Amino acid sequence: MSEHLRLSGVSHGYGDRQLFAGVDVSITAGEHVAIVGENGAGKSTLLRILGGLEAPDEGAAVSQGRVGYLAQTLGLPDSLTVRNAIDAALESLRAMEAELDNLEHGLAGAEADELERYGNLQTQYQLREGYAAESRVDAALGRLGLGGLDRGRTLGSLSGGEQERVALACVLADPADILLLDEPTNHLDASGTAWLEARLAAHRGTVVVVSHDRVLLRKVASTVVEVDAERRTVNRYGNGYEGYLREKAAERQRWVQQYHGWLAAMAAEQLQADTVAGRMGYARQRDGDKMGFDFKAGTWQKAATSKARNAQERLRRLEAHPVDRPPVPLKLATDLVTEVAAGPALEARGVTVPGRLERTDFRVEAGQKILITGPNGAGKSTLLSVLAGTLEATEGSVVRHGRIGSLQQELELPRRPALRLLPAFAEGLGGNIDEHAEALLRLGLFRTSEFHVPVGSLSAGQQRRLALARLLLGGFGTMLVDEPTNHLAPVLVEQLEAALSDFAGTLVMVSHDRALGDWFDACARRSGTRRSGTGGRGTGQGAETGTEAGKWLRFAMRDGSLA
């Protein structure tokens with residue numbers, strides 16, 4: 001039977017928080033599916049349940065076929081070597097090789113069933129292209145920016161991004177019938193992402209990917225499965241990512257219309273009941289015909305009572321079958337810094353970090369927007385960390401003007417995991433906790449129901465949103481942001497882009513997000529400036545081509561140097 005994935009009546013949650021209930025989903029062989037939804041909705045959990053890696057609280061999960069799984073974190077001990085990780089990924093192929101070797105030694109006097117076993121095993125090994133597995137690992141590592149990586153290095157000596165790329169190379173070295181990938185592009189540069197997209201598009205088996213990469217979603221997914229955090233449901237949409245967006249917009253419009261129709265019907269029936277009740281005291285002047293008056297009054301009274309009773313009954317039926325109010329979508333709504341003093345915001349002179357950043361001069365004028373791109377390992381995050389002061393350069397100096405805030409790519413684990421979200425947001429900011437709650441709600445990155453969740457229980461995306469909220473509401477004139485779209489839902493990314501478009505302060509970003517790059521270029525065109533810097537290597541001086549000279553600048557880094 002062809003491999004496929006199926007969930008029947010699945011419900012799951014953690015503690016008193018239910019993620020989804022009564023889920024029925026079927027994914028056919030060869031289908032390419034994207035799982036989307038708000039951060040913390042349960043996308044990664046759904047992926048693990050689909051692959052049989054986590055048991056649901058209720059219902060059944062069935063997978064047919066060999067499953068390859070890529071988690072957001074590698075999950076192997078730091079003491080293991082890269083070679084150990086590769087061997088673990090190729091374990092089933094290694095076992096087949098060992099069995100083939102054993103069978104080959106006894107082929108001369110083998111029985112018929114042993115010969116059949118050998119032939120079947122060899123066929124399976126060839127179908128999986130086992131002989132080319134090692135070369136596929138090398139090729140994958142090379143395309144992911146880790147060519148020449150010493151396989152004797154321990155995983156603990158690699159960065160988080162390098163560990164993720166090693167894990168991805170291992171999964172793709174022996175591609176399974178069913179590939180389950182959780183945020184595979186988070187640590188990939190443009191060339192690595194393009195290579196991965198081509199690999200996934202060409203995969204003849206089933207692909208299920210959790211991703212916030214809008215370009216990847218458009219290129220790879222023929223089907224979208226959305227985890228709806230508000231209604232705790234899982235819904236399936238066809239016609240790719242664009243079809244999903246169209247159907248979601250139409251679905252929400254229908255929901256809004258139904259809700260307002262229900263409200264209007266409730267109001268109409270209530271008005272009818274109140275109007276009839278108010279006129280129950282029939283009191284027109286008698287015209288001298290007492291008998292006729294009493295008869296008419298009694299007839300009217302009966303009719304009015306019947307109308308009131310019918311209106312009340314219709315009102316009860318409406319109340320018994322309410323249309324839920326459509327949830328307000330999470331959005332980024334914040335008044336960022338609007339005025340910035342003239343002059344430089346940052347001045348780096350001769351900053352150097354051996355093996356990571358060559359001697360660099362970098363000057364950022366107040367109000368400039370700068371995007372730094374380049375392959376993994378080029379030194380982008382190192383430069384940003386030096387500018388932010390979270391990493392000290394061995395040579396050179398950095399002068400910072402005004403209040404500077406930063407968002408690092410790799411967030412530290414919460415120091416106090418039991419601390420609730422709202423106090424964690426307000427920590428160190430001073431002021432009244434109610435004021436902080438109001439500010440956080442206005443920002444739109446969290447709902448009130450999430451304020452009491454312990455920060456240690458937050459998903460990676462929620463941790464990212466918390467750090468982003470503290471940055472955006474910190475009143476910083478300069479913001480340094482490393483991979484701002486990582487772990488954020490696509491709708492939030494678009495809201496973030498809209499907010500940053502109007503940011504009057506200074507912005508320096510490092511990103512691999514191609515859609516974010518397109519947005520940046522569009523902003524540059526609207527401002528009438530060039531997209532890239534000019535002048536000497538490693539300087540932040542831009543060409544003056546309009547009234548907002550050098551406001552939006554792109555820089556590319558390679559081998560620790562700004563181009």
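Start at 1 with the first residue, then count along the sequence. Predicted model, so just to flag it, every value in this text is computed and none were measured.
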#### Entry: Salt bridge R214-E497, side-chain N to carboxylate O under 4.0 Å
yes
## Note on the structure
Scanning both residues in full, the closest heavy-atom pair of M479 with L471 reads SD-CG, 3.7 Å
### Any pair counted as salt bridge (charged side-chain N to carboxylate O under 4.0 Å, His left out), so long as it reaches residues 50-60, sequence neighbours left out
R48-E54
### Query
Would you call R447 and E450 a salt bridge, taking side-chain N to carboxylate O under 4.0 Å as the test?
no
### Task
Heavy atoms only: give me the nearest M266-L315 pair and the separation to one decimal.
O-CD1, 3.6 Å
### Query
Charged N to carboxylate O below 4.0 Å: is that the case for R136 and E129?
yes
## Note on the structure
Rounded to the nearest 0.5 Å, the CD1 atom of I27 sits from the CG atom of L5 at a distance of 5.0 Å
### Query
Could E226 and K248 be called an ion pair, given the rule that one side-chain N must be under 4.0 Å from one carboxylate O?
yes
### Task
Evaluate whether atom CG of N239 has more than 12 neighbouring non-hydrogen atoms of other residues, nucleotides or ligands under 6.0 angstrom away.
no
### Summary
Rounded to the nearest 0.5 Å, the CG atom of L53 sits from the OG atom of S44 at a distance of 11.5 Å
### Query
Taking atom CD of E91 as the centre, does the number of heavy atoms from other residues, nucleotides or ligands within less than 6.0 Å exceed 12?
no
#### Entry: Nearest heavy-atom neighbours spanning R514 and T193
NH2-CG2, 3.1 Å
### Message
Does R420 qualify as a cation-pi partner of F451, given the criterion of NZ or CZ under 6.0 Å from the six-membered ring centre and within 45 degrees of its axis?
### Response
no
### Task
Describe, in one word, how the ring planes of H436 and F425 are oriented to each other, choosing from parallel (under 30°), tilted (30 to 60°) and perpendicular (over 60°).
perpendicular
### Message
Could you check whether D174 pairs with R66 (Lys NZ or Arg NE/NH1/NH2 to Asp/Glu carboxylate O, under 4.0 Å)?
### Response
yes
### Query
Could you state the interatomic distance from CG (L443) to CD (Q495), rounded to the nearest 0.5 Å?
10.5 Å
### Query
Less than 4.5 Å apart, any side-chain heavy atom of V23 and any of T233?
no
### Message
Regarding E197 and R218, does a basic nitrogen lie under 4.0 Å from an acidic carboxylate oxygen?
### Response
no
### Message
Can you confirm whether R6 is buried at CZ, in the sense that more than 12 heavy atoms of other residues, nucleotides or ligands lie under 6.0 Å from that atom?
### Response
no
### Query
Would you call D324 and R231 a salt bridge, using N to O less than 4.0 angstrom?
no
